[in-house]
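Each chain gets a letter, A, B and so on, in the order the sequences are listed, and its residues count up from 1.
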4 protein chains.
Amino acid sequence: MATIGFIGLGNMGGPMAINLARAGHRVRGFDLSAEVLQAVAAQGVEAAVSAPAAAADADVVISMLPAGRHVAALYLGANGDGSNSSGPGLFEQLKPGALVIDSSTIDAATARQVAAAADARGIDFIDAPVSGGVGGACAGTLAFMVGGSAGQFERARPILASMGKNLFHAGAHGAGQVAKACNNMLLGILMAGTSEALNLGIRNGLDPAVLSGIMQQSSGNNWVLQVYNPVPGVMETAPASHDYRGGFQVDLMFKDLGLALELSQHSAVPVPMGSQARNLFHLHKQAAASNGALDFSSVLQLYQGH
Amino acid sequence: MATIGFIGLGNMGGPMAINLARAGHRVRGFDLSAEVLQAVAAQGVEAAVSAPAAAADADVVISMLPAGRHVAALYLGANGDGSNSSGPGLFEQLKPGALVIDSSTIDAATARQVAAAADARGIDFIDAPVSGGVGGACAGTLAFMVGGSAGQFERARPILASMGKNLFHAGAHGAGQVAKACNNMLLGILMAGTSEALNLGIRNGLDPAVLSGIMQQSSGNNWVLQVYNPVPGVMETAPASHDYRGGFQVDLMFKDLGLALELSQHSAVPVPMGSQARNLFHLHKQAAASNGALDFSSVLQLYQGH
Amino acid sequence: MATIGFIGLGNMGGPMAINLARAGHRVRGFDLSAEVLQAVAAQGVEAAVSAPAAAADADVVISMLPAGRHVAALYLGANGDGSNSSGPGLFEQLKPGALVIDSSTIDAATARQVAAAADARGIDFIDAPVSGGVGGACAGTLAFMVGGSAGQFERARPILASMGKNLFHAGAHGAGQVAKACNNMLLGILMAGTSEALNLGIRNGLDPAVLSGIMQQSSGNNWVLQVYNPVPGVMETAPASHDYRGGFQVDLMFKDLGLALELSQHSAVPVPMGSQARNLFHLHKQAAASNGALDFSSVLQLYQGH
Amino acid sequence: MATIGFIGLGNMGGPMAINLARAGHRVRGFDLSAEVLQAVAAQGVEAAVSAPAAAADADVVISMLPAGRHVAALYLGANGDGSNSSGPGLFEQLKPGALVIDSSTIDAATARQVAAAADARGIDFIDAPVSGGVGGACAGTLAFMVGGSAGQFERARPILASMGKNLFHAGAHGAGQVAKACNNMLLGILMAGTSEALNLGIRNGLDPAVLSGIMQQSSGNNWVLQVYNPVPGVMETAPASHDYRGGFQVDLMFKDLGLALELSQHSAVPVPMGSQARNLFHLHKQAAASNGALDFSSVLQLYQGH
């Protein structure tokens with residue numbers, strides 16, 4: 001069993017840390033929110049007073065943070081380049097040979113930059129963003145998309161297996177973030193496209209369940225029709241049948257589509273379908289102040305109008 | 001066994017008529033092409049000299065024609081309203097109680113118009129467009145999306161079962177065409193979106209097979225990743241691995257997206273994702289004169305550029 | 001002075017007919033609405049009991065109708081091909097050498113079809129759709145975009161000059177409709193694009209009048225900034241400053257963008273910007289039942305959200 | 001006359017610095033390229049060995065750099081926050097009361113961040129991006145879009161007037177960058193939309209010059225039709241008539257549309273028309289390796305296909 005420092009214990013990070021503790025690891029966690037720290041402490045995760053304290057003597061460090069700048073600051077220091085005096089990054093402190101797993105969903109460029117700094121110090125760093133949502137985090141059934149060497153991927157496998165089910169080795173450093181950006185952009189396209197096709201049929205007289213069934217058994221078949229139908233009442237377990245509560249928020253899909261756009265801009269690769277999906281979530285998000293917090297399948301409402 | 005008149009014996013209609021003959025029905029077929037007529041005659045379909053001759057004394061008439069105006073002219077007469085003198089429509093000639101199955105992919109408005117004229121004469125008319133391509137037509141495994149009453153659907157079922165496998169009752173008259181337009185618009189979105197996501201990953205260093213595998217097991221999963229991967233070499237059976245030959249032509253996808261747009265215009269239902277997919281197939285189609293005849297998964301080439 | 005039959009006396013046709021009468025022509029008008037007929041009769045236009053009656057002995061016939069099918073029916077007969085018995089088209093009745101001006105905004109294909117039928121009978125037919133709105137129709141300052149031969153254009157010029165100011169010879173038959181479709185598609189793009197740019201600036205702290213002024217004097221300059229600013233209060237004379245009343249309705253812009261899309265589909269010419277503009281007017285139109293009747297600059301509201 | 005330090009002497013900055021020298025100012029310039037430094041030195045600009053040397057004792061500092069990170073590094077130091085030891089930013093060195101004009105086209109967020117740091121030290125900083133291209137820079141006819149206080153704008157006016165003609169006060173700090181992003185996004189929309197409308201007309205038989213003339217006198221009128229027609233041969237002075245050489249490069253338009261997208265993402269304001277224009281320049285840019293260096297009106301070629 002390993003000694004693990006876990007930084008970032010929010011909706012996703014919290015249950016992930018708890019699952020690691022349940023698996024028998026010694027887990028020391030840190031979060032800026034005292035409330036959050038207290039909650040995980042009740043379930044086997046030791047509360048640390050700072051990120052460096054959580055990482056002290058750790059064999060493994062895992063982070064789950066909102067954006068690239070937080071990840072760079074955590075590992076490289078306040079300026080993102082290890083040069084500042086206000087606080088060194090964790091890489092200054094970690095012993096060579098440590099394993100660092102960043103499960104945040106961030107831009108690939110930052111992931112590669114941090115990985116290069118880790119390599120220079122003999123630290124094994126992998127980018128390992130997840131999919132599966134809060135439900136998957138609690139159940140320990142997340143999917144991990146990992147960027148790093150084959151050896152690093154194998155080294156991380158037993159740790160990841162305590163938190164997730166599908167472990168994918170996407171490729172070299174940054175590839176985990178690229179894979180996640182591609183998948184979630186495609187997911188945004190599937191959701192907008194399926195909502196649109198269903199709405200077109202419904203407004204022309206078709207029953208949503210009947211049309212959903214036909215398309216699911218035809219060439220329109222996709223994940224949204226299988227497990228996440230956006231029309232209320234068609235699928236009992238889908239957020240659409242629960243006032244679009246729970247699930248994956250519009251704001252998060254908008255963030256992920258923004259990461260895909262950023263990747264598109266930096267690598268000069270066109271994404272016209274992804275940018276169209278982003279337009280629609282964008283228009284939906286600002287049609288009412290509360291829409292951002294709804295499940296992303298609520299984009300159907302943009303099509304329904306009055 | 002029934003006496004069946006079959007009008008339109010092209011790539012799709014030919015094998016469908018042959019399958020009906022094999023099932024033991026008496027099939028009299030007509031097509032404007034003498035060559036096509038001869039080909040089906042060799043496989044048990046009687047060649048008729050005209051559409052009225054093919055439909056004489058038929059219990060069932062089936063049509064497989066390119067566009068709504070051809071269907072209207074066939075059944076309602078040259079002017080599409082039964083009033084012209086140059087040639088009456090088949091509805092003038094058919095006995096009350098006949099069953100008419102139109103398997104053409106046409107606009108829903110024409111399908112409803114023809115169905116209303118049939119109702120007025122006591123003829124059972126259903127719109128029953130298919131999916132499954134030439135392969136499905138030959139193998140007798142087509143899917144039928146049927147618009148008509150429940151009774152009409154049940155009456156047609158044994159006939160359809162000789163030509164296809166999945167028989168869907170989409171709803172009232174026109175619903176078959178609406179369902180097909182929705183499904184194929186969604187298919188166009190899936191193909192463009194999946195090509196785009198794969199290209200974004202490939203250009204950022206990922207292996208296409210690895211990324212395809214990850215997305216297929218994640219929330220990006222869809223029919224294109226399952227059976228029709230657009231990247232050459234990833235899936236041996238896909239048209240992409242055979243120079244984009246065979247399969248479903250760009251020109252046909254463009255036609256189907258045009259039908260969806262037309263439905264959108266007439267019913268005032270917005271289809272921003274569908275119109276974006278149409279834009280991309282459109283740009284691809286005119287980037288080289290020969291692109292229209294390629295399989296529609298070749299839209300990936302639009303993204304690949306030089 | 002000519003004897004003119006005028007068919008279609010609505011918001012546009014009414015004032016156009018009145019202007020012709022004021023210019024000294026003998027104008028006999030027909031409209032399906034008795035109310036409308038009565039209104040123009042009070043201003044010098046003789047009310048006829050039918051289209052054929054309005055066109056009896058006319059040197060010139062002018063039509064202003066909603067769609068291609070109405071124009072085809074008027075000139076070619078109820079079936080659009082001159083063959084029906086319920087009522088022959090006006091071309092049956094007109095004397096060779098008559099001049100026919102269709103000012104309806106319709107599809108180019110129908111315009112060409114009707115022109116060919118006219119040519120075969122020695123009738124001079126031009127397509128001559130207008131721009132300038134109800135205001136221009138009343139003031140006699142419409143722009144005409146004319147398709148036909150140079151001789152036909154010159155022959156029509158004095159008649160058109162009684163109703164409009166800018167007379168453009170766009171090209172051969174149908175070219176007037178093509179020019180109008182291109183211009184109005186571009187107008188839709190200008191309006192959506194300008195609304196979007198202004199909204200982006202406003203939401204980032206800029207004053208709408210200041211930003212409008214800057215862009216009007218820079219490379220963003222366009223007709224919308226010059227005379228039709230979509231932000232309430234920036235331009236006193238614009239519909240935006242009058243609750244988006246008057247002006248050019250969303251429903252009409254949506255119709256025109258549909259004509260452009262149809263032209264794009266039939267000629268296989270891609271229009272991604274036009275289809276995006278159409279998407280936005282479409283989403284706006286169905287966001288509230290009353291939006292269709294607002295001036296089209298109200299598309300700004302789609303961007304403003306809550 | 002003022003002592004001016006000018007940092008960044010490329011295609012734009014070089015002629016701007018020369019115009020200042022011609023107006024009688026003492027100008028000390030710096031650029032990383034020795035070649036560029038030598039060229040301006042021949043025309044009255046003193047070559048400095050470093051940015052700090054150029055700014056030594058300057059009353060006014062002007063910068064013309066590629067991106068936000070360069071601007072932040074120049075003024076705030078290598079880490080963009082003034083904290084690093086490898087080299088202080090110019091703000092450390094400038095005397096209180098100095099005037100700093102950043103004419104780079106960068107993101108508004110960085111402009112505001114730098115302005116806040118300047119304010120804290122009693123330095124007058126304005127963001128003042130330009131439009132007008134290399135031609136305008138040489139001729140001294142640039143437009144400046146200025147963000148800053150009214151007093152700062154007035155203080156900068158005489159300096160700006162030596163380099164440009166239209167001086168716009170867009171609003172508070174950052175407003176210059178926002179105005180430029182809005183205008184150039186709109187310009188991208190105008191160019192793509194006008195190219196598309198012209199291509200639709202041409203492919204349907206219209207003469208490009210005739211259609212351009214009609215739309216220029218109608219509601220489709222915009223800057224592109226007025227001075228920058230994208231069809232070769234229509235306008236002798238436009239880049240289109242010179243193999244799309246000179247003018248404003250596709251790569252620069254793509255950069256500017258990226259800045260607009262970034263602004264859209266950060267401020268959560270939807271830009272569906274702008275993102276569609278970006279898609280088209282993107283597809284055009286990667287259709288051939290050399291397209292990025294063509295004038296942006298060459299986007300017409302994307303529509304023309306084979």
Return the option, out of Ala172(A), Gly147(A), Ala170(A), with the maximum number of heavy-atom pairs under 4.5 Å with chain B. Ala170(A)
Pair count under 4.5 Å, heavy atoms only, with chain B: among Leu200(A), Leu190(A), Leu187(A), Val224(A), highest is Leu200(A)
Looking at [options], which one has more heavy-atom pairs under 4.5 Å with chain A than the rest?
{"options": "Ala277(B), Pro272(B), Gly220(B)", "result": "Pro272(B)"}
{"options": "Val227(B), Val178(B), Val269(B)", "result": "Val269(B)"}
{"options": "Ala260(B), Ala175(B), Gly171(B)", "result": "Ala175(B)"}

So which N and O atoms of chain A and chain B form donor-acceptor pairs under 3.5 Å?
residue	atom	partner	partner atom	Å
Asn183(A)	OD1	Gly220(B)	N	3.1
Asn183(A)	ND2	Ser219(B)	OG	3.1
Glu196(A)	OE1	Met273(B)	N	2.8
Glu196(A)	OE2	Met273(B)	N	3.1
Glu196(A)	OE2	Gly274(B)	N	2.7
Arg203(A)	NH2	Ala268(B)	O	3.3
Asn204(A)	ND2	Ser267(B)	OG	3.1
Ser219(A)	OG	Asn183(B)	ND2	3.1
Gly220(A)	N	Asn183(B)	OD1	3.1
Asn221(A)	O	Trp223(B)	N	2.9
Trp223(A)	N	Asn221(B)	O	2.9
Ser267(A)	OG	Asn204(B)	ND2	3.1
Ala268(A)	O	Arg203(B)	NH2	3.2
Pro272(A)	O	Gln276(B)	NE2	3.1
Met273(A)	N	Glu196(B)	OE1	2.8
Met273(A)	N	Glu196(B)	OE2	3.1
Gly274(A)	N	Glu196(B)	OE2	2.7
Gln276(A)	NE2	Pro272(B)	O	3.1

Only counting residues at least two apart or in another chain, list the ones meeting side-chain contact (heavy atoms from CB on, under 4.5 Å) with [X].
{"X": "Ala161(B)", "answer": "Leu167(B)"}
{"X": "Ala118(B)", "answer": "Phe91(B), Ile123(B), Phe125(B)"}
{"X": "Ala181(A)", "answer": "Leu263(A)"}

Could you tell me which non-hydrogen atom of Cys182(B) sits nearest to which non-hydrogen atom of Ala197(A), and how far apart they are? SG-O, 3.4 Å
Taking all non-hydrogen atoms of both residues, which atom of Ile189(A) and which atom of Gly193(B) are closest, and how far apart? CD1-CA, 3.9 Å
At a 4.5 Å cut-off on heavy atoms, which part of [X] comes close to chain B: side chain, backbone, both, or neither?
{"X": "Leu280(A)", "answer": "side chain"}
{"X": "Val210(A)", "answer": "side chain"}
{"X": "Met145(A)", "answer": "side chain"}

Turns out that what part of Met215(B) lies under 4.5 Å from chain A's heavy atoms comes down to both
Is there a side-chain contact between Leu225(B) and Leu186(A) in this structure, where contact means two heavy atoms from C-beta onward sitting under 4.5 Å apart? yes
Rounded to the nearest 0.5 Å, how far apart are CZ of Phe168(B) and CG of Leu211(A)? 10.5 Å
